[in-house]
Amino acid sequence: TLTAFLNGTAFRSDDYGRSWQEIPSIKNLGISKSGKNAIKSVASNKAAILAVTEQEFFRSLDGGITWSKHTISLNIRSIRNITANEKVAYVATDRGVFRSLDNGVTWQESNGELAGQDNKDFTTSILAIDNIIITMIDGNDTFFSLNFGKNWRRGASIYSFYSSQSTTIESIKTLVTNNSSIIGLTKENTLYRTDIPIDLGIDFQYLFTNNEESRANFAPNPTQGII
C-alpha cells in the first residue's frame with residue numbers, strides 16, 4: 001500500500017500507484033494545503049504509517065484507511081522531519097530529537113550529547129537506517145546514534161557541505177535513502193551523497209549545484225509526502 005498527501009488531502013493506492021483513492025478519514029483532522037498545518041514529512045514501518053505537520057503527529061495502523069492525531073510535546077514549536085525503523089519512530093524538532101517506542105503513543109526527548117548545542121534551529125532533519133540514526137544540527141553538523149537515539153556522536157563538520165559555486169556553507173533540509181546511498185538535499189536545492197555502508201565520518205560527496213537543470217529535475221515534489 002502507498003499513501004500520499006497532496007494539498008491537504010490524503011490518497012492511498014493498493015496497486016503500486018496505478019490508481020489512487022482519496023482517504024476521507026483525514027479530512028476532519030485539521031490538515032491544510034499549506035502553512036503550519038500542512039503535512040511536512042511521512043514515514044512508515046510494518047506496523048504504522050506516520051506523518052507530521054509543524055506541530056502535530058498523525059498515525060494510521062491500517063494502511064492509511066483511518067488516522068488519529070496526537071501531540072508529541074507541548075514544548076515543540078516546529079517539527080521538521082519524521083523517520084522510523086521497525087522498533088522506533090523519531091522526529092527532528094526545534095527542541096532536538098524525540099523518539100517513540102510504541103509507534104507514536106508516547107514520546108520522550110532523546111537528545112543526550114545533542115543537548116547544549118548552541119544553535120537556534122537545533123535538529124533540522126533525521127534519518128533511521130536499522131539501528132543507525134543520523135540527525136543534522138541546523139542542516140550542517142551531523143550526529144550519529146548507534147543505539148536507537150540513546151547516545152550521539154558528532155560526524156562531519158559543516159565544511160562537508162561547502163559549495164564552491166556559491167562559496168557558502170549550505171544547510172541540508174532533507175535526508176533520504178534508497179538503501180545504497182544517503183542523499184541530502186539543501187535549502188538551495190543542491191544534492192550531496194554518501195554511500196552505504198556508512199563511514200561514520202559521513203563525508204558527503206557534492207553532486208551538483210542549484211542551476212536550471214537541477215531545479216527542473218530535483219526541486220521539491222508538489223506532493224507533501226508519499227510513503
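We use all heavy atoms of the structure for the numbers below, so side chains are in, but hydrogens, waters and symmetry mates are not.
- When all heavy atoms of Ile76 and Gln55 are compared, the pair lying nearest together is O-NE2, 4.2 Å.
- Interatomic distance, Ser78 OG to Asp94 CG, rounded to the nearest 0.5 Å: 5.5 Å.
- Residue Arg80 comes nearest to Thr123 through the heavy atom pair NH1-O, 2.8 Å, listed as atom of the first residue, atom of the second, then distance.
- Between Arg59 and Ala48, the shortest heavy-atom contact is CG-CB, 4.2 Å.
- Considering only heavy atoms from C-beta on, Val88 comes within 4.5 Å of Leu101 through its side chain.
- Residues Gly64 and Ser60 share a closest heavy-atom pair of N-OG, 2.8 Å.
- With rounding to the nearest 0.5 angstrom, the CH2 atom of Trp107 is 11.0 Å from the CZ atom of Arg99.
- The shortest distance between side-chain heavy atoms of Phe58 and Ile31 falls below 4.5 Å.
- A donor-acceptor pair under 3.5 Å is absent between the side-chain atoms of Lys36 and the main chain of Glu54, judged by distance alone.
- In this structure, a donor-acceptor pair under 3.5 Å is present between the side chains of Ser41 and Asn81.
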- [ ] Kindly indicate, with the supporting measurements, whether the criterion side-chain contact (heavy atoms from CB on, under 4.5 Å) is fulfilled by Thr3 and Val42.
- [x] CA-CA 9 Å; Thr3 302; Val42 293; over 6 Å; no

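- Scanning all heavy atoms of the two residues, the minimum distance from Ile133 to Ala128 falls at CD1-CB, 3.7 Å.
- Judged by distance alone, with hydrogens and angles left aside, the side-chain atoms of Arg12 form no donor-acceptor pair with the main-chain N or O of Ile23 at under 3.5 Å.
- At a threshold of 4.5 Å between side-chain heavy atoms, the hydrophobic network of Ile, Leu, Val, Met, Phe, Trp and Tyr places Ile65 and Ile26 in two separate groups.
- Tested against Asn45 for a side chain to side chain donor-acceptor pair (under 3.5 Å), the candidates Thr83, Asn85, Asn103 yield a single pass: Asn103.
- The two residues Ile79 and Ile72 make their nearest non-hydrogen contact at CD1-CD1, 3.8 Å.
- For residues 22-31, the side chain to side chain donor-acceptor pair (under 3.5 Å) pairs, not counting sequence neighbours, are Glu22-Lys27.
- For the ring pair (Phe, Tyr, Trp, His ring centres under 6.0 Å) condition, the pairs that include at least one residue of residues 65-87, sequence neighbours left out, are Phe5-Trp67, Phe57-His70.
- In this structure, CZ on Arg95 lies 7.0 Å from CZ on Arg77, to the nearest 0.5 angstrom.
- Every residue meeting the side-chain contact (heavy atoms from CB on, under 4.5 Å) condition with Glu109, not counting sequence neighbours, appears here in chain and number order: Phe98, Asn111.
- Of the possible donor and acceptor atoms, one in the side chain of Ser145 sits under 3.5 Å from a partner among the backbone N and O of Asn151.
- Atom-to-atom distance recorded for Ser110:OG and Lys150:NZ is 9.5 Å, nearest 0.5 angstrom.
- Lys46 NZ to Glu86 CD: the interatomic distance, rounded to the nearest 0.5 Å, is 5.5 Å.
- Between the side chains of Thr9 and Asn7, no donor-acceptor pair is found at a separation under 3.5 Å.
- To the nearest 0.5 angstrom, Ser100 atom OG is 14.5 Å from Lys87 atom NZ.
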